[in-house]
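Notes follow once the structure below has been shown.
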Amino acid sequence: MTCVFCEVSVRKVPASYVYNDRDVFAIMSLEQPNPYKVLVIPHAHVESIYDLEDELAASIFQVTAKIARAIRKVSNCDGMNLVQSNGRAGQQDVFHFHLHLVPRFTGDQIIFAWDNTPSKRETLDQFADEICLGLK
């Protein structure tokens, strides 16, 4: 199966590049819910965040911060969402890690919605303990 981001990485598929180095490239997203939406993508085919090596993850985020500042500078956006999806349940549609930089403007009507009811402290402590065990 062909990966569209692997093809973009080697320039077999056209894209509007905003950044390119040895490890990471960034392109304008085909979908522009707001102007200047960018995707940050590793050149290496890595399916999801679970498969990222620490060094590559650091490179991706350094590039992301640099591009976010540039987007704010040229767009005067009021804020920004970083969106990164993993697995079908997480609504990942291209199975090559990529990070969406979505500039936000007051009143733009882009909505991320979930239940914001606070959980009980005991539940949060239990989840935190389980994650800490997973880090070992």
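Everything quoted here is computed from the prediction, not taken from an experiment.
- Residue Arg11 holds its CZ atom at 4.5 Å from OH of Tyr17, rounded to the nearest 0.5 Å.
- Residue Ile49 holds its CD1 atom at 8.5 Å from CG of Leu99, rounded to the nearest 0.5 Å.
- Using modelled atom types, no side-chain atom of Gln92 and backbone atom of Phe97 make a donor-acceptor pair closer than 3.5 Å.
- Using modelled atom types and a 3.5 Å distance limit, the side chains of Tyr36 and Asn34 yield no donor-acceptor pair.
- Under the 4.5 Å side-chain heavy-atom criterion for grouping Ile, Leu, Val, Met, Phe, Trp and Tyr, Ile71 is not connected to Leu30 through any hydrophobic cluster.
- The closest donor-acceptor contact from the side chain of Gln32 to the backbone of Ser29 lies under 3.5 Å.
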Query raised in the report: Between Asp23 and His43, does a side-chain contact (heavy atoms from CB on, under 4.5 Å) hold up when you go through it step by step?
Result: CA-CA 6 Å; Asp23 297 321; His43 284 287; 5.6 Å; no
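- Closest approach of Pro103 to Pro35, counting heavy atoms only: CG-O, 3.3 Å.
- The minimum heavy-atom distance linking Thr117 with Asp115 is given by the pair OG1-OD1, 2.6 Å.
- In this structure, Arg88 CZ and Asp93 CG are separated by 9.5 Å, a value rounded to the nearest 0.5 Å.
- Remark: Lys37 NZ to Glu31 CD distance equals 5.0 Å, nearest 0.5 Å.
- Residues His100 and Asn81 bring no donor and acceptor atom of their side chains to less than 3.5 Å of each other.
- Taking hydrophobic clusters as Ile, Leu, Val, Met, Phe, Trp and Tyr residues chained together by side-chain heavy-atom distances below 4.5 Å, Val63 shares a cluster with Leu56.
- Between the side chain of Ser85 and the backbone N or O of Gly90 there is at least one donor-acceptor pair closer than 3.5 Å.
- Arg104 CZ: more than 12 foreign heavy atoms inside a 6.0 Å radius.
- Donor-acceptor pairing under 3.5 Å is recorded for the side chains of Gln126 and Glu130.
- Using a 4.5 Å heavy-atom cutoff, the side chains of Pro33 and Ile110 are in contact.
- Legend: side chain to side chain donor-acceptor pair (under 3.5 Å) pairs involving residues 50-69, not counting sequence neighbours, sorted by first then second residue: Ser48-Asp51.
- By the 4.5 Å heavy-atom criterion applied to side chains, Ile27 and Val8 are counted as neighbours.
- At a threshold of 4.5 Å between non-hydrogen side-chain atoms, the residues Val24 and Ile41 do not count as touching.
- Annotation for Leu101 and Ala68: closest pair CD2-N, 3.8 Å, computed over non-hydrogen atoms.
- Without hydrogens or angle criteria, His96 side chain to Pro42 main chain gives a donor-acceptor distance under 3.5 Å.
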Requested in this report: Report the C-alpha distance between Leu82 and Phe61 in whole Å, list the side-chain angles of each, state the deciding distance to 0.1 Å, and finish with yes or no for side-chain contact (heavy atoms from CB on, under 4.5 Å).
Outcome: CA-CA 11 Å; Leu82 304 181; Phe61 205 80; 4.0 Å; yes
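- Between the side chain of Thr123 and the backbone N or O of Ser119 there is no donor-acceptor pair closer than 3.5 Å.
- Between the CG atom in Leu39 and the CZ atom in Phe25 there is a gap of 8.5 Å [rounded to 0.5 Å].
- By the criterion of side-chain heavy atoms lying less than 4.5 angstrom apart, applied directly or through intervening Ile, Leu, Val, Met, Phe, Trp or Tyr residues, Val18 is grouped together with Ile60 in one hydrophobic cluster.
- Among residue pairs with one or both ends in residues 102-136, none qualify as ring pair (Phe, Tyr, Trp, His ring centres under 6.0 Å); sequence neighbours excluded.
- No continuous path of ILVMFWY side-chain contacts below 4.5 Å connects Val94 to Val38, so the two sit in separate hydrophobic clusters.
- Using a 4.5 Å cut-off between side-chain heavy atoms of Ile, Leu, Val, Met, Phe, Trp and Tyr, with links allowed through other members, Val102 and Tyr19 fall into different hydrophobic clusters.
- Between the side chains of Gln84 and Asn86, at least one donor N or O lies within less than 3.5 Å of an accepting N or O.
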